[in-house]
Amino acid sequence: MNPVRKIAVVGLLEWISKNKPSVKSLSGLDRERFMEHVTDYELAKGINTISNRNSDLWRKWESTHMYFFENAHSDQEALAAYD
């Protein structure tokens with residue numbers, strides 16, 4: 001498992017709070033919804049690599065989802081334990 005760096009997750013959480021206020025937690029999202037939000041986030045930054053599901057960036061975010069979805073009950077708990 002090779003997730004994105006913690007700073008990227010913090011950026012995603014900040015972006016979601018401003019742009020997708022209906023999303024209350026990443027840890028409760030299934031992979032498809034999580035990746036939809038990640039894709040929107042990365043595209044908003046101009047990172048088009050995320051559109052390729054075979055890219056390293058896509059795989060890193062998928063690993064990040066597994067970390068949040070399987071190992072934490074809240075975003076705060078996941079961030080506190082994030083490597």
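Predicted model only: the values in this text are computed from it and were never measured.
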Ile47 CD1 to Leu57 CG distance, which is reported to the nearest 0.5 Å
7.5 Å
Gap separating the CG atom of Leu13 from the CD atom of Gln76, nearest 0.5 angstrom:
8.0 Å
With a 6.0 Å cut-off (strictly less than), is the heavy-atom count around NZ of Lys45, excluding the residue itself, greater than 12?
yes
Considering residues at least two apart in sequence or located in another chain, which fulfil the side-chain contact (heavy atoms from CB on, under 4.5 Å) criterion with Glu14?
Val10
To the nearest 0.5 Å, how far apart are CD in Glu77 and CZ in Phe68?
10.5 Å
Provide the closest heavy-atom pair for Phe69 versus Ser27 in the form atom of the first, atom of the second, distance.
CD1-O, 3.5 Å
For the student: nearest non-hydrogen atoms of Pro3 and Thr64, plus distance:
CB-OG1, 3.3 Å
In this structure, NZ of Lys24 is separated from OG of Ser22 (nearest 0.5 Å) by 7.0 Å
Indicate the atoms forming the closest heavy-atom contact of Trp58 with Ile50, along with that distance.
CE3-O, 3.1 Å
Taking atom types as modelled, find out whether Asn2 and Ser63 have a side-chain donor-acceptor pair closer than 3.5 angstrom.
no
Distance col, row Arg59:CZ vs Asn54:CG, nearest 0.5 angstrom, shows 6.0 Å
Indicate yes or no: at least one non-hydrogen side-chain atom of Lys20 is less than 4.5 angstrom from one of Tyr41.
no
Taking the side chain as everything from C-beta on, heavy atoms only, tell me whether Thr49 gets closer than 4.5 Å to Glu42.
no
Look up atom NE2 in His65 and atom CZ in Arg33, then write down how far apart they are to the nearest 0.5 Å.
11.5 Å
Between Leu79 and Lys6, the two heavy atoms sitting closest are O-NZ, 3.0 Å
